[in-house]
Amino acid sequence: MDPKITCVAPTRSTVGEGAVWDDCENVLWWVDIPAGIVYRYDPATGENRAHEVGEPVGCLALREAGGMVLATKSGFWFWDPETGEKTAIHDPEAHLPENRFNDGTTDGQGRFWAGTMKDGGDPQARGTFYRLDPDLTVTAWRGGIWTTNGLAFSPDGKTMYHSDSNARVRTIYACDYDRETGTPGAVQVFRDTNGLPGRPDGGTVDAEGCYWQAGIEGWQLYRYSPEGAVILTVDMPIEKPSKPMFGGEKLDVLYVTSLGVPDDPKQPEAGSLFSVEGLGIRGVPQTRFAG
């Protein structure tokens, strides 16, 4: 295997993250968190259009009713990228002004999961994972996390993955998932990444049930078997890949966001969006938020 890696959107963003493939329009949505920008990348034209949200935005999900749901510095919002209109849903951490949302994804039933973290200053383990249900109820699940990350669901929806990226932890977790109620079961260690060059950042799954991790600070991506063994490593031209997401009309192109590393001649495109082609692996469609 000799994958072709291309910088497709040379934004050199500060914190590129949150990639989601829109299988109706065949475009990729992604964010620059601190800049409060949502990007729309169209592979057919090469256009990477920037939309300003007005505050740090951690992640997003497409919505069945149209538009998107965002998880930002100030909580959950509905957002229309055409008009820029934002409608507040709920801010579960209004009492924690130094926190913001980070990584997120939807489960197979259209619930939106997203996690928070302390933004800037000395790190603290005060991040929490939240579930936003289609009726707009917000439920806190697991707290005491340094850096919430890696949210993804197995293709059958029965396993939930998440991680803590902080260097003190650098662990990916898995738990059984009740698809009917949206309730995770007992948390188990899926993979302790000590010993790998990269810490666990954003994640996704492929159609074969394997979990993909962006190895931030390790210049690599990792593909894990359902048992947690590394079965494929992809070397990247950037030190801090942050979120992999399958896209393309056949879901066989792996898009990768990244963090900027200013003034490093070894990685002048750090912070940009990359595509990885030729893997011979397909992803799974991303469910839209049902609310």
Side-chain angles (χ1 to χ4, degrees), residues 58-59 61 71 76 90 92-93 96 99 101-118 123-196 198-216 222-231 243-244 283-284 286-287 289-291:
C59 56
F76 292 109
H90 182 59
E93 296 194 346
L96 296 173
N99 273 22
F101 272 98
N102 193 43
D103 185 62
T105 194
T106 49
D107 69 8
Q109 288 65 45
R111 307 177 186 96
F112 184 40
W113 281 86
T116 60
M117 61 176 285
K118 184 175 181 292
Q124 296 180 24
R126 64 181 195 189
T128 299
F129 288 102
Y130 293 91
R131 187 188 72 228
L132 175 63
D133 287 337
D135 66 0
L136 307 187
T137 300
V138 177
T139 303
W141 173 53
R142 186 183 180 201
I145 309 297
W146 291 85
T147 308
T148 56
N149 237 319
L151 281 164
F153 292 87
S154 60
D156 64 6
K158 294 181 179 181
T159 302
M160 176 182 179
Y161 299 98
H162 61 288
S163 65
D164 190 333
S165 299
N166 188 274
R168 300 170 178 82
V169 184
R170 55 180 307 160
T171 298
I172 305 169
Y173 303 94
C175 49
D176 292 339
Y177 189 72
D178 187 325
R179 296 175 295 181
E180 298 304 314
T181 64
T183 305
V187 174
Q188 313 234 351
V189 172
F190 176 72
R191 177 77 189 210
D192 180 336
T193 68
N194 283 286
L196 293 175
R199 294 181 288 111
D201 206 299
T204 192
V205 297
D206 61 37
E208 298 173 21
C210 295
Y211 180 81
W212 287 77
Q213 170 210 328
I216 193 167
Y222 308 109
R223 185 191 189 210
Y224 295 95
S225 71
E227 294 73 37
V230 176
I231 55 177
K243 170 78 174 183
V284 296
Q286 298 300 295
T287 306
F289 178 63

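Side chains are part of it too, since the values below use all heavy atoms of this structure and drop only hydrogens, waters and symmetry mates. We number each residue from 1, following the sequence as shown.
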Chemist: With sequence neighbours left out, write down each residue that passes salt bridge (charged side-chain N to carboxylate O under 4.0 Å, His left out) with Arg126, or none if nothing qualifies.
Modeler: Glu98

Chemist: Taking all non-hydrogen atoms of both residues, which atom of Pro134 and which atom of Gly110 are closest, and how far apart?
Modeler: CG-O, 4.0 Å

Chemist: Is any side-chain heavy atom of Arg131 closer than 4.5 Å to a side-chain heavy atom of Phe112?
Modeler: no

Chemist: Which heavy atom of Ser225 sits nearest to which heavy atom of Cys210, and what is that distance?
Modeler: CA-SG, 4.2 Å

Chemist: Between Arg199 and Ser165, do the side chains contain a donor N or O and an acceptor N or O under 3.5 Å apart?
Modeler: no

Chemist: May I have the step-by-step check of side chain to side chain contact (heavy atoms under 4.5 Å, CB included) for Asn102 and Thr147, ending in yes or no?
Modeler: CA-CA 8 Å; Asn102 193 43; Thr147 308; 4.1 Å; yes

Chemist: Flag the pair Phe153 / Tyr177 as yes when their ring centroid distance falls below 6.0 Å, and as no otherwise.
Modeler: yes

Chemist: So, using side chain to side chain contact (heavy atoms under 4.5 Å, CB included) as the criterion, who are the partners of Thr116 when residues are at least two apart?
Modeler: Glu93, Asn99, Phe101, Thr128, Tyr130

Chemist: Identify the two heavy atoms, one from Ser163 and one from Tyr173, that lie closest to each other, and give their separation to 0.1 Å.
Modeler: CA-CD1, 4.2 Å

Chemist: Going by salt bridge (Lys or Arg N to Asp or Glu O under 4.0 Å), name the pairs with one or both residues in residues 141-159, residues two or more places apart or in two chains.
Modeler: none

Chemist: Given Arg223 and Asp206, is the side chain to side chain contact (heavy atoms under 4.5 Å, CB included) satisfied, shown in steps?
Modeler: CA-CA 9 Å; Arg223 185 191 189 210; Asp206 61 37; 2.8 Å; yes

Chemist: Do Asn194 and Asp192 pair up side chain to side chain, a donor and an acceptor below 3.5 Å, judged on atom types alone?
Modeler: yes

Chemist: Can you name the one residue among Leu151, Thr105, Asp176 that meets side chain to side chain contact (heavy atoms under 4.5 Å, CB included) with Met160?
Modeler: Leu151

Chemist: Anything under 3.5 Å between a donor and an acceptor, one on a side chain of residues 183-191, the other on a protein residue two or more places apart or in another chain? List them.
Modeler:
{"unit_1": "Thr183", "atom_1": "OG1", "unit_2": "Thr181", "atom_2": "OG1", "d": "2.9"}
{"unit_1": "Arg191", "atom_1": "NH1", "unit_2": "Gly228", "atom_2": "O", "d": "3.2"}

Chemist: Listed by chain and number, what are the side-chain hydrogen bond (donor to acceptor under 3.5 Å, both in side chains) partners of Gln109, not counting sequence neighbours?
Modeler: none

Chemist: Using every non-hydrogen atom in the two residues, find where Pro155 and Ala207 come nearest and quote the distance to one decimal.
Modeler: CG-O, 4.2 Å

Chemist: Please name the residue in the list Tyr161, Tyr224, Tyr222 that meets the side chain to side chain donor-acceptor pair (under 3.5 Å) test with Gln213.
Modeler: Tyr224

Chemist: State, to 0.1 Å, how close Thr106 and Phe289 come at their nearest heavy-atom pair, and which atoms those are.
Modeler: CG2-N, 4.2 Å

Chemist: For residues Pro226 and Gly209, report the shortest heavy-atom separation together with the two atoms involved.
Modeler: CG-O, 3.5 Å

Chemist: Establish, yes or no, whether the cationic atom of Arg168 lies under 6.0 Å from the six-membered ring centre of Trp146 and within 45° of the ring axis.
Modeler: yes

Chemist: Verify side chain to side chain contact (heavy atoms under 4.5 Å, CB included) between Thr287 and Asp107, making sure each step is shown before the conclusion.
Modeler: CA-CA 7 Å; Thr287 306; Asp107 69 8; 5.9 Å; no

Chemist: Could you give me the CA-CA distance, side-chain angles and deciding distance for Thr193 and Thr171, then say whether side chain to side chain contact (heavy atoms under 4.5 Å, CB included) is met?
Modeler: CA-CA 6 Å; Thr193 68; Thr171 298; over 6 Å; no

Chemist: Heavy-atom distance under 4.5 Å between the side chains of Tyr211 and Pro200, does that happen here?
Modeler: no

Chemist: Only counting residues at least two apart or in another chain, list the ones meeting side-chain hydrogen bond (donor to acceptor under 3.5 Å, both in side chains) with Asp201.
Modeler: Asn149

